[in-house]
Trainee: 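Quick one: this structure, given as structure tokens, is what I'll be asking you about.
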Amino acid sequence: MADLALLLIGALLVNNFVLAQFLGLCPFMGITRGYDTALATGLATTFVLTLSAVLAYLIYFAILLPLELEYLRIIIFITTIAGVVQLIHYYIRASAPLLHQLLGLYIPLITTNCAVLGVALIAVDQGLSLLETAVFSAGASLGFTLVMVLFGAIRERLQGGTVPAPFQGTAIALISAGIMSLAFMGFQGLAG
């Protein structure tokens with residue numbers, strides 16, 4: 001149980017996929033203009049990432065490995081992620097029209113989030129069990145959501161503040177992301 005907790009904390013904070021491994025930077029920089037969209041995108045990505053990683057694990061160990069088709073894993077994983085995203089897109093459109101209107105274009109963009117594919121590949125490469133894959137992917141996705149929400153709140157705050165002209169826009173966003181990355185480096189002591 002302690003190993004699962006360490007795996008969760010490690011993926012959530014210590015080896016955060018955005019700030020430590022630099023995966024998922026497109027939505028991190030593009031969608032986090034506000035707290036609300038960052039939270040909604042983070043939660044949708046959390047569900048997709050966790051479900052996709054577990055499905056990728058099952059497909060890899062139940063189908064690809066026994067049939068010696070490991071070389072197809074990237075193609076199969078991408079197809080699995082795209083299928084999960086489409087199912088979620090249809091479900092949200094049917095059950096929560098307001099959320100669908102808020103997320104709009106961002107739901108299909110989850111398919112191209114490299115963090116989703118990265119987590120599935122890393123879980124398979126590390127030889128994690130099914131439970132460990134679920135915990136690892138949940139930690140990674142919650143870490144992604146945490147960083148998205150924090151950065152969205154920071155960017156909202158910066159929009160209302162006075163930022164010198166040379167630093168406005170992307171420049172201050174990159175500086176803020178760098179400072180966040182440094183702050184998350186403080187969690188390195190939790191790893192061991």
Side-chain angles (χ1 to χ4, degrees), residues 1-57 60 73-74 77 81 106 109-110 112-159 161 163 167 169-192:
M1 193 60 142
D3 290 340
L4 291 177
L6 284 175
L7 190 62
L8 180 72
I9 296 296
L12 180 72
L13 299 172
V14 178
N15 296 314
N16 187 283
F17 276 84
V18 178
L19 298 176
Q21 298 187 21
F22 307 114
L23 292 173
L25 290 177
C26 293
F28 177 69
M29 293 303 291
I31 298 173
T32 55
R33 301 213 188 280
Y35 170 81
D36 293 337
T37 54
L39 178 63
T41 303
L43 292 175
T45 303
T46 296
F47 187 71
V48 169
L49 197 148
T50 306
L51 184 59
S52 295
V54 169
L55 286 174
Y57 173 91
Y60 183 78
R73 72 182 180 165
I74 292 177
F77 288 3
I81 292 166
Y106 300 126
L109 288 177
I110 294 171
T112 61
N113 186 343
C114 59
V116 178
L117 178 61
V119 169
L121 289 172
I122 289 170
V124 167
D125 284 344
Q126 290 182 352
L128 301 177
S129 69
L130 181 60
L131 178 60
E132 289 170 336
T133 298
V135 169
F136 175 69
S137 60
S141 60
L142 291 173
F144 178 81
T145 301
L146 173 67
V147 168
M148 292 283 286
V149 167
L150 290 174
F151 197 59
I154 289 170
R155 288 183 78 177
E156 266 188 15
R157 181 88 178 187
L158 287 171
Q159 287 173 0
V163 177
F167 296 108
T170 305
I172 195 67
L174 290 171
I175 291 168
S176 301
I179 292 170
M180 273 184 70
S181 184
L182 288 171
F184 268 67
M185 285 178 68
F187 293 118
Q188 291 294 321
L190 292 174

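Both backbone and side-chain heavy atoms feed into the values below; hydrogens, waters and symmetry mates do not.
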Trainee: What closest approach, in Å, do Gly143 and Leu12 show between heavy atoms, and which atom pair accounts for it?
Mentor: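 For Gly143 versus Leu12, the nearest heavy atoms are N-CD1, 3.2 Å.
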Trainee: Is there a donor-acceptor pair under 3.5 Å between the side chain of Gln21 and the backbone N or O of Asn16?
Mentor: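 No; zero donor-acceptor contacts below 3.5 Å.
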Trainee: Is Thr145 close to Leu43 at the side-chain level, that is, under 4.5 Å between some pair of heavy atoms?
Mentor: yes
Trainee: If you compare all heavy atoms of Met148 against all heavy atoms of Ala38, which two are closest, and at what distance to 0.1 Å?
Mentor: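 Scanning both residues completely, I find the closest heavy atoms to be O-CB, 3.3 Å.
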Trainee: Measure the CD1-CG distance between Ile9 and Leu4 for me, rounded to the nearest 0.5 Å.
Mentor: 12.0 Å
Trainee: Answer yes or no: is there a side-chain heavy-atom contact under 4.5 Å between Leu51 and Leu55?
Mentor: yes
Trainee: Any chance you could measure Ile154, atom CD1, to Ile175, atom CD1, to the nearest 0.5 Å?
Mentor: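 Ile154 atom CD1 to Ile175 atom CD1 measures 12.5 Å (nearest 0.5 Å).
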Trainee: When you look at Leu8 and Phe136, which way does the side-chain contact (heavy atoms from CB on, under 4.5 Å) test go after all the steps?
Mentor: CA-CA 6 Å; Leu8 180 72; Phe136 175 69; over 6 Å; no
Trainee: How close do Ala120 and Ala53 get, counting heavy atoms only, and between which atoms?
Mentor: CB-CA, 4.2 Å
Trainee: Which pair of heavy atoms, one from Leu23 and one from Gly118, lies closest together, and at what distance?
Mentor: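 In this case the closest contact between Leu23 and Gly118 is CD1-CA, 4.3 Å.
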Trainee: Verify the ring-centre separation between Phe184 and Phe187: is it less than 6.0 angstrom?
Mentor: yes
Trainee: Between Ser176 and Phe151, what is the shortest heavy-atom contact and its length?
Mentor: CB-CE1, 3.8 Å
Trainee: Taking the side chain from Asn15 and the backbone from Ala11, do they hold a donor-acceptor pair closer than 3.5 Å?
Mentor: no
Trainee: Once rounded to the nearest 0.5 Å, what's the spacing between atom CG of Leu117 and atom CZ of Phe77?
Mentor: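 Here the rounded value is 8.0 Å.
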Trainee: Does a side-chain heavy-atom distance below 4.5 Å link Val119 with Phe144?
Mentor: no
Trainee: Backbone N or O of Ala138 within a donor-acceptor pair of the Ser141 side chain at under 3.5 Å?
Mentor: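 Judged by distance alone, yes, a pair lies under 3.5 Å.
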Trainee: Looking only at heavy atoms, what is the nearest atom pair of Leu19 and Met180, with distance?
Mentor: CD1-O, 3.8 Å
Trainee: So, does Thr46 use its side chain to make a donor-acceptor pair with the main chain of Gly42 at under 3.5 Å?
Mentor: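 A pair under 3.5 Å: yes.
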Trainee: Going through the distances and angles, do Leu142 and Thr50 end up as a side-chain contact (heavy atoms from CB on, under 4.5 Å)?
Mentor: CA-CA 9 Å; Leu142 291 173; Thr50 306; over 6 Å; no
Trainee: Hey, does Phe17 have a side-chain heavy atom less than 4.5 Å from the side chain of Phe22?
Mentor: no
Trainee: Show me the pairs that pass salt bridge (charged side-chain N to carboxylate O under 4.0 Å, His left out) and involve residues 113-138, at least two apart or across chains.
Mentor: Arg73-Asp125
Trainee: Between atom CG of Leu7 and atom CG of Leu128, what is the distance when rounded to the nearest 0.5 Å?
Mentor: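 Those atoms lie 6.0 Å apart.
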